[in-house]
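A quick write-up on the structure given underneath.
Scope of the values below: all heavy atoms of this structure, side chains included, with no hydrogens, waters or symmetry mates. Here the structure is a predicted model, which is why all the values come from computation and not from measurement.
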Amino acid sequence: QVQLVESGGGLVQAGGSLSVSCAASGSIFRNYVMAWFRQAPGKEREFVAGISTYSSSRYEDSVKGRFTISRDNTKNTVYLQMNSLEPEDTAVYYCAADARFGAARFGDISFLASQYDYWGQGAQVTVSS
């Protein structure tokens with residue numbers, strides 16, 4: 001069993017920056033694809049960014065060039081740096097882990113929420129206009 005605990009987020013004006021972090025329990029963190037999803041009120045949960053063991057990454061189109069996902073396998077932590085934030089980025093941001101065998105090693109980063117096995121509790125990000 002893996003536990004994911006997010007931290008960070010908060011309130012910022014449009015154009016500002018925020019970051020969220022996710023600390024994972026367990027000793028095989030490096031074997032998981034790690035990803036960030038978000039869910040705004042009344043909307044479905046959507047993929048934001050994902051990262052493999054060796055830090056290949058994938059982004060949702062609307063955040064490319066603004067958000068950066070990274071991971072530190074020695075600290076069992078994944079990060080999401082969010083710059084040039086827009087009101088449309090307002091959502092609860094969830095950390096997720098995909099434990100499929102080989103996915104992390106070979107960079108198979110899924111954008112499907114159903115593919116992920118473990119989830120954090122979420123961190124609120126609010127961007128005011």
Once you round to the nearest 0.5 Å, how far does [atom1] of [X] lie from [atom2] of [Y]?
X      : Y     : atom1 : atom2 : answer
Arg66  : Gln81 : CZ    : CD    : 12.0 Å
Thr126 : Gln13 : OG1   : CD    : 13.0 Å
Tyr93  : Arg45 : OH    : CZ    : 13.0 Å

Please give me the minimum heavy-atom distance between [X] and [Y], naming the atom from each residue.
X      : Y      : answer
Ala40  : Thr90  : CB-O, 3.6 Å
Ala104 : Ser52  : O-CB, 3.2 Å
Gln124 : Ala91  : NE2-O, 3.4 Å
Ile69  : Ala35  : CD1-CA, 4.4 Å
Ser56  : Gly107 : OG-CA, 3.8 Å
Ala24  : Val2   : CB-CG1, 4.4 Å

Task: Exam field: side chain Thr74 to backbone Asp72, donor-acceptor pair closer than 3.5 Å - done: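 Checking the backbone N and O of Asp72 against the side chain of Thr74, no donor-acceptor pair under 3.5 Å is found.
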Report yes if the side chains of [X] and [Y] come closer than 4.5 Å at any heavy-atom pair, otherwise no.
X      : Y      : value
Cys22  : Val5   : no
Met34  : Phe29  : yes
Val33  : Asp108 : no
Phe47  : Ile109 : yes
Trp36  : Glu6   : yes
Val125 : Met82  : yes
Phe37  : Tyr116 : yes

Open item on the list: So if I apply the side-chain contact (heavy atoms from CB on, under 4.5 Å) rule between Val48 and each of Phe111, Tyr94, Phe67, which one comes out positive?
Closed with: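 Answer after filtering Phe111, Tyr94, Phe67: Phe67.
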TODO: Following the transitive rule for hydrophobic clusters with a side-chain heavy-atom cut-off under 4.5 Å over Ile, Leu, Val, Met, Phe, Trp and Tyr, establish whether Tyr79 and Val63 coincide in one cluster.
DONE: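 Cluster IDs for Tyr79 and Val63 differ.
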TODO: Group every Ile, Leu, Val, Met, Phe, Trp and Tyr by side-chain heavy-atom contacts under 4.5 Å, then state whether Ile51 and Leu4 land in the same group.
DONE: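 Both belong to a single hydrophobic cluster.
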TODO: For Tyr118 and Gln3, run side chain to side chain contact (heavy atoms under 4.5 Å, CB included): C-alpha distance rounded to whole Å, both residues' side-chain angles, the deciding distance at 0.1 Å, then the answer.
DONE: CA-CA 7 Å; Tyr118 305 103; Gln3 289 188 324; over 6 Å; no
Task: Candidate pair Ser17 and Asn83, rule side chain to side chain donor-acceptor pair (under 3.5 Å), full reasoning - done: CA-CA 4 Å; Ser17 298; Asn83 299 327; 2.9 Å; yes
Open item on the list: side chain to side chain donor-acceptor pair (under 3.5 Å) for Glu86 and Ser84? Distances and angles first, verdict last.
Closed with: CA-CA 7 Å; Glu86 304 167 352; Ser84 301; over 6 Å; no
Open item on the list: Apply side chain to side chain contact (heavy atoms under 4.5 Å, CB included) to residues Arg105 and Arg30 and explain how you reach the verdict.
Closed with: CA-CA 8 Å; Arg105 180 178 180 183; Arg30 64 181 294 108; over 6 Å; no
Task: Axial cation check for Tyr32 ring with Arg71, 6.0 Å and 45° limits - done: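 No; the conditions do not both hold, so Arg71 does not lie above the ring face of Tyr32.
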- [ ] State plainly whether the residues Arg100 and Asp117 are in salt-bridge range, i.e. N to O under 4.0 Å.
- [x] no
Task: Criterion side chain to side chain contact (heavy atoms under 4.5 Å, CB included) on Tyr59 and Thr68, from CA distance to verdict - done: CA-CA 9 Å; Tyr59 294 91; Thr68 302; 3.9 Å; yes
Open item on the list: Does Glu46, at its CD atom, have more than 12 non-hydrogen atoms belonging to other residues, nucleotides or ligands within less than 6.0 Å?
Closed with: yes
TODO: Could you please spell out the steps behind the side chain to side chain contact (heavy atoms under 4.5 Å, CB included) verdict for Lys43 and Arg38?
DONE: CA-CA 9 Å; Lys43 294 188 177 181; Arg38 65 186 179 186; over 6 Å; no
